[in-house]
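The analysis underlying the following values was restricted to heavy atoms, covering all of them including side chains, and did not include hydrogens, waters or symmetry mates. The chains referred to below are lettered A, B, ... by the order of the sequence lines, with proteins before strands, and numbering in each begins at 1.
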Protein chains: 2
Amino acid sequence: MKELTGFPTKEQLRDMKRREIVRCAAKRFGQDGFENVPLEAIATDLGVTKAALYNYVSSKNDLLLQCYEVGMDRLVAAVEAAKDTSGTAAQRLSAVLEAYIMTMTQSDMQYLWSYTRPMVMYGDKRVVQAIRDKLDYAVRDLLIEGMKDQSFRPDIDPKLASLVILGAVNWVGIWYRPDGPKRADELAQKIAREALYGYLFKP
Amino acid sequence: MKELTGFPTKEQLRDMKRREIVRCAAKRFGQDGFENVPLEAIATDLGVTKAALYNYVSSKNDLLLQCYEVGMDRLVAAVEAAKDTSGTAAQRLSAVLEAYIMTMTQSDMQYLWSYTRPMVMYGDKRVVQAIRDKLDYAVRDLLIEGMKDQSFRPDIDPKLASLVILGAVNWVGIWYRPDGPKRADELAQKIAREALYGYLFKP
DNA sequence: ACGCTTAGCGACCCATGATTGAATAACTTG
DNA sequence: CAAGTTATTCAATCATGGGTCGCTAAGCGT
């Protein structure tokens with residue numbers, strides 16, 4: 001995170017506004033679906049008019065793209081950070097899953113998957129695939145490592161297991177509501193534990 | 001399945017057409033997303049004009065509703081049937097998951113979840129919730145039964161476990177492509193086995 | 001063959017929402 | 001302060017797509 005000291009320059013001010021637009025759009029896109037959010041709505045949320053947005057984004061699709069990139073970057077960053085902690089592979093994978101869930105349950109990240117479809121339709125589907133693969137391989141690699149360091153069962157099929165694990169954690173993003181009774185952090189912990197339980201090595 | 005013998009009556013003919021419309025629409029809605037499918041496209045697929053569709057459905061939302069109901073009925077029927085087979089609870093739950101996956105990977109069922117959002121927005125959200133709950137409870141009940149008949153571990157948290165299991169199987173519907181290399185039936189079997197592995201009782 | 005009903009077609013109507021451009025307010029710089 | 005630059009707004013423009021209406025033609029019972 002880059003902190004600002006002193007007054008923001010014009011450039012910074014501009015970039016702050018742009019990011020605020022993206023954050024707000026991501027939230028709405030996630031809540032209501034890309035196609036159901038008129039630019040008007042985003043503009044109103046921010047207290048400006050629709051036309052003003054065009055100073056910062058070149059089109060609605062461009063805005064979608066930016067939402068996706070920002071979101072996915074956050075996700076990947078969270079996962080990478082958790083991956084590089086210390087401990088057994090199992091402990092690290094658990095940390096990765098928790099970080100993943102924590103990120104996905106933030107209000108402007110919810111339903112991130114829900115706008116992968118428009119992304120694939122209007123944008124570059126290789127970007128989507130690349131990011132999805134990156135997450136998939138992070139999980140697989142840790143599973144393989146864990147079979148070596150004996151924190152996981154030795155007989156896992158990493159490809160299959162990563163599908164099941166990712167399914168479980170992504171599903172959280174579908175039903176979780178930030179205004180619900182569950183706290184995100186303890187939920188993340190429970191789900192992560194649950195999803196990995198069957199793979200742990202038990203002597 | 002009800003078979004027809006002899007010539008279809010006018011009523012039957014009409015109903016066949018209506019169902020064909022729904023099937024076709026479900027496929028397109030799933031592939032491209034409800035909001036991205038003009039009625040014109042569905043009409044073209046069927047070789048008629050948009051206006052003709054209005055003989056069979058009262059609005060685009062009505063069509064969505066019918067798609068959802070038909071799809072969910074199929075899903076629930078498949079699950080109920082599998083639930084009532086014989087064997088241990090673990091075996092039955094495995095059968096349920098397989099049936100679930102098999103159903104969800106059919107081409108006009110793919111991305112069924114992808115139009116729950118429009119359903120919730122334009123339709124009756126209680127219907128959606130009710131069906132989701134039904135599936136959830138089917139899984140939970142079998143888990144509980146399995147703890148009793150010792151086909152599952154005795155220390156499962158059924159609520160949490162059902163989330164993980166449903167996540168895993170629903171995720172299949174997101175990435176599976178009918179034209180891909182995997183056969184749906186063996187995939188269903190593998191995923192079902194994988195998702196349950198950690199819960200099985202191992203003496 | 002004659003009217004009646006129904007399916008389907010083509011041409012419309014109309015609201016929505018993305019995008020643009022001219023006009024204006026605000027701010028910077030010399 | 002005046003000229004120039006930037007941020008916003010307001011008022012079009014334009015395409016899309018849901019929904020409607022009147023017409024034709026085929027099917028059917030009498």
For the side chain of B/Ala51, starting at C-beta, report the closest nucleotide among D/dC10, C/dC9, D/dG18. C/dC9
Whole-Å distance, A/Leu46 CG to D/dT8 P, equals 11 Å
Rounded to whole Å, CD of A/Glu40 lies from C1' of C/dA15 at a distance of 15 Å
Protein-nucleotide distance (B/Asp15, atom CG; C/dT6, atom P), rounded to Å: 16 Å
Quick one: A/Tyr54 OH to C/dA22 P, roughly how many Å, whole number? 17 Å
Can you find a side chain N or O atom of B/Tyr56 that sits less than 4.0 Å from OP1 or OP2 on C/dG8? yes
Looking only at the side chain of A/Ser59 (C-beta and beyond, no hydrogens), which of the listed nucleotides D/dA7, D/dG19, C/dT19 gets closest? C/dT19
Indicate the atoms forming the closest heavy-atom contact of A/Phe152 with A/Ala90, along with that distance. CZ-CA, 3.5 Å
Could you check how far NZ of B/Lys60 sits from P of C/dA15, rounded to whole Å? 19 Å
B/Val37 near the nucleic acid: base, sugar-phosphate alone, or nothing, with a heavy-atom cut-off under 4.0 Å? sugar-phosphate
Take B/Lys83 and B/Glu80 through the test salt bridge (charged side-chain N to carboxylate O under 4.0 Å, His left out) and record every step on the way to the result. CA-CA 5 Å; B/Lys83 203 172 69 174; B/Glu80 296 288 327; 3.7 Å; yes
Within less than 4.0 Å of OP1 or OP2 of C/dA7, is there a side-chain N or O belonging to B/Lys17? no
What are the two closest non-hydrogen atoms of A/Ile101 and A/Ala192, and how far apart are they? CD1-N, 4.3 Å
Of the nucleotides C/dT20, D/dG18, D/dT9, which has the atom closest to the A/Ala52 side chain? D/dT9
Under 4.5 Å between any side-chain heavy atoms of A/Leu187 and A/Lys190, yes or no? no
Between the base of D/dG18 and the side chain of B/Lys50, is there a donor and acceptor pair under 3.5 angstrom? yes
Rounding to a whole Å, what distance do you find between A/Leu39:CG and C/dT19:P? 7 Å
From the list D/dG19, C/dT19, C/dA7, which nucleotide is the closest neighbour of the side chain of B/Arg14? C/dA7
Quick one: which of B/Ile131, B/Val127, B/Asp133 gives a side chain to side chain contact (heavy atoms under 4.5 Å, CB included) with B/Gln129? B/Asp133
How many Å lie between CG on A/Asn55 and P on D/dT8, as a whole number? 7 Å
Just the rounded figure in Å: distance from P of D/dG17 to CG of B/Leu63. 16 Å
